[in-house]
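Numbers here are sequence positions counted from 1. The structure displayed is predicted, hence computed values, not measured ones. Both backbone and side-chain heavy atoms feed into the values below; hydrogens, waters and symmetry mates do not.
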Amino acid sequence: LGYFFQRFYLKSSRELNRLKNSSKSPVVQHYSETIYGASSIRAYGLKKDFKKKNEELLNISIKPHFMAESGECFYSIYMRFIITIWGAGIVFFLVQDKENVSPGFASLCLLYEFIISDVLFWCIYMFSMIENSM
């Protein structure tokens with residue numbers, strides 16, 4: 001289940017990162033124009049115009065970044081939800097078979113479930129981030 005969601009997440013995340021990187025270009029271009037033409041901008045009194053243009057470009061460029069971060073948060077929440085369901089299933093089966101399961105074994109199962117699920121979450125999450133950045 002997590003694998004299929006990861007495939008969906010990677011496709012959308014790649015597109016959002018592509019949009020994020022392409023939206024930075026006009027901002028950088030405007031900064032370089034402003035730096036090289038700073039004396040002319042001051043001489044003609046166009047500081048407010050350049051500041052307004054900079055704010056517009058920043059507002060446009062921040063939207064894909066916000067969407068990419070939102071996608072990462074949703075992916076993290078979804079994976080944590082899957083892990084929680086997995087842990088609840090283990091607890092359910094341990095409680096159902098409480099006559100044959102010792103308390104030490106039950107606590108060991110839960111401890112290992114938390115450790116393994118956390119490691120699994122970070123492996124999948126980091127694999128997704130690495131694959132996304134390539």
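- Under the 4.5 Å side-chain heavy-atom criterion for grouping Ile, Leu, Val, Met, Phe, Trp and Tyr, Leu58 is not connected to Phe66 through any hydrophobic cluster.
- Summarising the geometry of Pro64 relative to Ile60, their closest heavy-atom pair is CD-O, 3.5 Å, with the distance given to 0.1 Å.
- To the nearest 0.5 angstrom, Glu33 atom CD is 9.0 Å from Lys53 atom NZ.
- With a 4.5 Å cut-off on side-chain heavy atoms, Arg18 and Arg14 do not count as touching.
- Each of Val119 and Met79 belongs to its own hydrophobic cluster when Ile, Leu, Val, Met, Phe, Trp and Tyr are linked at side-chain heavy-atom distances under 4.5 angstrom.
- Atoms CD and NE2, from Glu56 and His30 in turn, are 9.0 Å apart once rounded to the nearest 0.5 Å.
- Nearest heavy atom pair, residue Arg80 against residue Trp122, reads NH2-NE1, 3.7 Å.
- Considering only heavy atoms from C-beta on, Asn54 comes within 4.5 Å of Tyr31 through its side chain.
- Taking 4.5 Å as the limit, some side-chain heavy atom of Cys109 sits within range of a side-chain heavy atom of Leu94.
- The distance from the CG atom of Asp97 to the CG atom of Asn100 is 4.5 Å, given to the nearest 0.5 Å.
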Go through the steps to decide whether Asp118 and Phe114 satisfy the test side chain to side chain contact (heavy atoms under 4.5 Å, CB included), and finish with yes or no. CA-CA 6 Å; Asp118 199 40; Phe114 289 133; over 6 Å; no
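- Remark: Asn59 engages no residue in a side-chain hydrogen bond (donor to acceptor under 3.5 Å, both in side chains) (not counting sequence neighbours).
- Taking 4.5 Å as the limit, some side-chain heavy atom of Glu113 sits within range of a side-chain heavy atom of Ile83.
- The same ILVMFWY cluster, assembled from side-chain heavy atoms under 4.5 Å apart, contains both Phe74 and Met126.
- Between Lys63 atom NZ and Leu19 atom CG the span is 12.5 Å, to the nearest 0.5 Å.
- Residues Glu69 and His65 have side chains in contact (heavy-atom distance under 4.5 Å, counting atoms from C-beta outward).
- Remark: Phe50 CZ to Ser40 OG distance equals 9.0 Å, nearest 0.5 Å.
- Side-chain heavy atoms closer than 4.5 Å link hydrophobic residues (I, L, V, M, F, W, Y) into clusters, and following such links, even through other members, never connects Ile85 to Val91.
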